[in-house]
Amino acid sequence: MSDDRATAGGSFLIGSEIYRKSTYGPKHPLAIPRVSTALDLIGALGWLDPARYIDSPRATPEQLARFHHPDYIAALVAAEAAQDVPPEARERHHIGARGNPVYREVFRRPATGAGGVMLAARLTAQGGTVHVPGGGTHHGRPDRASGFCYLNDAVLGLLAWLDLGLTNILYLDIDAHHGDGVQDAFHDDPRVFTLSIHEAGRWPYTGLLEDRAGGHARNIPVPQGLNDTEFAYLLHHAVMPVIRHLRPQAIMLQCGADALEEDPLAKLSLSNNAHWQAVRAVMGQAPRLIVLGGGGYNPWSVARCWAGVWGVLDGRDPPARLPPEAEAVLRALSFHRAAGRNPPEGWFTTLQDAPRPGPVRGEIRHLAAATLEGLPEPLAGVA
């Protein structure tokens, strides 16, 4: 696939069949099908234009070494080949430990996600928008796996933008978990400003309000039960003012779906309207936009959210009721956690959640105001 496809800009969707039937193991939160279901749902809705769908390339070890240590990459390749890992590699690289199991595609799958995000950066060199639902593994470290993330595709994509000469980039993360791996990767690089909205007091227990990573980061740790109204308040009173102040040349949005109310690994209360609102708000705020996936551990809510993200980017309105082909995709899912035992009918028949409004707590207003204090001067750069 030639990168020439996007020289005129436009919106593209990058996916892969590697996610189909790939699982971290039957008892792992990532036993569920996410990217494949989102892509199937997009196709069943008639939203999958073959001219704008790109099969993700797999990043090579040499490409991954732009951020990751070669010995760690080699350990991942060896773990996939052997389907096992020696004790010293487990201890050093956290492969096969701490929630990061050895599974069938333990190198190929994350390398495909990384290849997709790096391709998205190249495709948007002159402008444009790309959705990569298989991206968003924001906890990955240079030399070890962390938080179900073996490689950090977001960091690799941001580095690809920097390698193209960009000097003013915003990374926005709305996953329920703090984007620690991305923030730390650019701690000393003023060209990348990281902004993360995440649940306070949740793993990895970083991203405190006062954590500004040397000045070019802001963190908004929100209380449990964050509702749509509060998210909209933060979007319009914190996120958008930051964007307008920085005037970035490019925005990368990590759109993890674990902040949705039905997610089993977080305690926020958003509907998918919040995520779509965030995408809609940042569109057009920079010449380049990459939207990633991320967390999300309820297969129905993740697939409906990410399919709707593509709908927003592609100018599509969600139908009031899904067509039979799309409904069949969702009815074919199974989920062995409590929420899957008696799923509500709306998870099968609709794409858009009912809104989840509520009062805006004083803590939310304080977080928004604090976010805007002491922002750095925007870096000059040709858009």
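Side chains are part of it too, since the values below use all heavy atoms of this structure and drop only hydrogens, waters and symmetry mates.
- Contact annotation: the side chain of D173 never approaches that of T194 to less than 4.5 Å [non-hydrogen atoms, C-beta and beyond].
- Annotation: E91, atom CD; neighbour count of heavy atoms from other residues, nucleotides and ligands within 6.0 Å does not exceed 12.
- In plain terms, the two heavy atoms of Y103 and P110 that are nearest each other are OH-CD, 3.7 Å.
- Contact annotation: the side chain of M283 approaches that of L313 to within less than 4.5 Å [non-hydrogen atoms, C-beta and beyond].
- Counting non-hydrogen atoms of neighbouring residues, nucleotides and ligands closer than 6.0 angstrom, the CZ atom of R202 exceeds 12 such neighbours.
- In this structure a side-chain-to-backbone donor-acceptor pair under 3.5 Å is missing from Q63 to G115.
- D263 places a side-chain N or O within 3.5 Å of a backbone atom of Y297 that can act as its donor or acceptor partner.
- Between E261 and S301 there is no side-chain heavy-atom pair separated by less than 4.5 Å.
- Within a 6.0 Å sphere centred on NE2 of H366, heavy atoms belonging to other residues, nucleotides or ligands number 12 at most.
- In this structure, the separation between CH2 on W310 and CG on L48 is 8.5 Å, given to the nearest 0.5 Å.
- W47 CH2 to D49 CG: the interatomic distance, rounded to the nearest 0.5 Å, is 14.0 Å.
- Taking the six-membered ring where the residue is Trp, Y72 and H68 present tilted rings, their angle falling between 30° and 60°.
- With hydrophobic clusters built from ILVMFWY side chains whose heavy atoms lie under 4.5 angstrom apart, L209 does not share a cluster with W203.
- Residues Y24 and R109 are in side-chain contact: their nearest non-hydrogen atoms beyond the backbone lie under 4.5 Å apart.
- How far CG of L45 is from CG of D40: 11.0 Å, rounded to the nearest 0.5 Å.
- The two atoms that bring L164 and A121 nearest to each other are CD1-O, 3.5 Å, heavy atoms only.
- The side-chain contact (heavy atoms from CB on, under 4.5 Å) with L234 is formed by just one residue from the set V360, T371, I220; it is I220.
- Note that OG of S146 is 9.0 Å distant from NE2 of H138, once rounded to the nearest 0.5 Å.
- We find the CG-CD distance between L226 and E363 to be 10.0 Å, quoted to the nearest 0.5 Å.
- Sorted by first then second residue, the salt bridge (Lys or Arg N to Asp or Glu O under 4.0 Å) pairs that include residues 269-281, not counting sequence neighbours, number zero.
- What you find for P61 and I73 is that their closest heavy atoms are O-CD1, 3.6 Å.
- Panel note: side chain R356, backbone S269; no donor-acceptor pair is recorded below 3.5 Å.
- A 4.5 Å side-chain heavy-atom check between F67 and P142 finds at least one atom pair inside the cut-off.
- Formation of a donor-acceptor pair under 3.5 Å by the R304 side chain with backbone atoms of T350 is found in this model.
- Between the side chain of N168 and the main chain of R247, a donor-acceptor pair closer than 3.5 Å is present.
- Of all the heavy atoms in R316 and D314, the pair that sits closest is NE-OD2, 2.9 Å.
- Between T167 and Q249, the closest side-chain pair of non-hydrogen atoms falls below 4.5 Å.
- The line from CG of L41 to SG of C305 is 11.5 Å long, rounded to the nearest 0.5 Å.
- Side-chain contact of H139 with D180: a donor-acceptor pair under 3.5 Å is present, judged by distance alone.
- Geometrically, R365 engages Y233 in a cation-pi contact defined by less than 6.0 Å to the ring centre and at most 45° from the axis.
- Side-chain atoms of L372 and V242, non-hydrogen and from C-beta on, do get closer than 4.5 Å to each other.
- In the model, D153 has a side-chain atom that pairs as donor or acceptor with a side-chain atom of T137 under 3.5 Å.
- E327 places no side-chain N or O within 3.5 Å of a backbone atom of F348 that could act as its donor or acceptor partner.
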* To do: Run the numbers on T206 and H178 for side chain to side chain donor-acceptor pair (under 3.5 Å), then give the verdict.
  => CA-CA 7 Å; T206 53; H178 177 231; 2.6 Å; yes
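- In this structure, D258 and H177 have side chains that are in contact, with non-hydrogen atoms separated by less than 4.5 Å.
- Ion pairing of E199 with K267 is absent here, as no side-chain N (NZ or NE/NH1/NH2) approaches a carboxylate O to less than 4.0 Å.
- L208 and I174 fall into different hydrophobic clusters, defined by Ile, Leu, Val, Met, Phe, Trp and Tyr side-chain heavy atoms under 4.5 Å apart, directly or through other members.
- For the pair E345 and R331, the salt-bridge criterion is met [side-chain N within less than 4.0 Å of a carboxylate O].
- Summarising the geometry of V102 relative to A79, their closest heavy-atom pair is CG1-O, 3.7 Å, with the distance given to 0.1 Å.
- Follow the hydrophobic side-chain contacts under 4.5 Å out from L265 and you never reach Y205; the two are in separate clusters.
- Of all heavy-atom pairs between A274 and F231, the closest is O-CE2, 3.3 Å.
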* Would you please test Q183 and D211 for side chain to side chain donor-acceptor pair (under 3.5 Å) and show each step? => CA-CA 10 Å; Q183 177 181 300; D211 178 6; 2.8 Å; yes
